[in-house]
Amino acid sequence: MAELLVRGSLYGLGAAAVGAGLGSALGLTGALEGLNWAGILLWILAGLMVKGSFGTAAAEAAGRGRLGQGTRRAELPFAPMLLALVAGGVCFVMAWLLNNLA
């Protein structure tokens with residue numbers, strides 16, 4: 001779990017740097033809006049991972065059933081999902097710090 005938090009934080013710092021840079025370069029209202037968009041996109045990515053894992057479960061069960069094999073239960077992609085959630089959280093914390101301390 002600690003490794004996921006560290007890696008997610010590092011990914012979040014990278015995404016925050018890219019988001020702040022793009023927010024400033026593209027003429028948005030500045031780095032704050034870029035940080036918010038980076039966090040939103042990372043959290044949407046985490047949600048899409050969960051939705052995608054459930055979307056393929058029925059197709060896999062049907063394919064395995066035709067072959068006479070048992071089906072495994074639906075598993076969530078916890079590690080990538082948590083990485084995206086932690087990285088998005090870091091972006092939101094950086095946006096909050098920029099908004100309240102600057």
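In what follows, residues are counted from 1 in the order of the sequence shown.
For residues 3-22, the pairs satisfying salt bridge (Lys or Arg N to Asp or Glu O under 4.0 Å) are E3-R7, with sequence neighbours left out.
L41 and L35 are members of different hydrophobic clusters when ILVMFWY side chains are connected at heavy-atom separations under 4.5 Å. Hydrophobic clustering (ILVMFWY, side-chain heavy atoms < 4.5 Å, transitive): I44 and F78 are in one cluster. M94 and L10 are assigned to two separate hydrophobic clusters, defined by single-linkage of ILVMFWY side chains at heavy-atom distances under 4.5 Å. V50 and L85 fall within a single hydrophobic cluster, where Ile, Leu, Val, Met, Phe, Trp and Tyr side chains are chained together by heavy-atom contacts under 4.5 Å.
Residue L42 comes nearest to C91 through the heavy atom pair CD1-SG, 4.1 Å, listed as atom of the first residue, atom of the second, then distance. Between A15 and A38 the shortest heavy-atom distance is O-CB, 3.8 Å. When every heavy atom of G8 is checked against every heavy atom of L83, the shortest pair comes out as N-CD2, 3.4 Å.
Every ring pair (Phe, Tyr, Trp, His ring centres under 6.0 Å) that F92 has, sequence neighbours left out, goes to W43.
Taken from CD1 in I40 to CG in L45, the straight-line distance is 13.5 Å, to the nearest 0.5 Å. Expressed to the nearest 0.5 Å, how far CG of L97 lies from CG of L32 amounts to 11.0 Å. The structure places CE of M81 at 10.0 Å from CG of L4, a figure rounded to the nearest 0.5 Å. Here L98 contributes atom CG and E33 contributes atom CD; the two are 12.0 Å apart, rounded to the nearest 0.5 Å.
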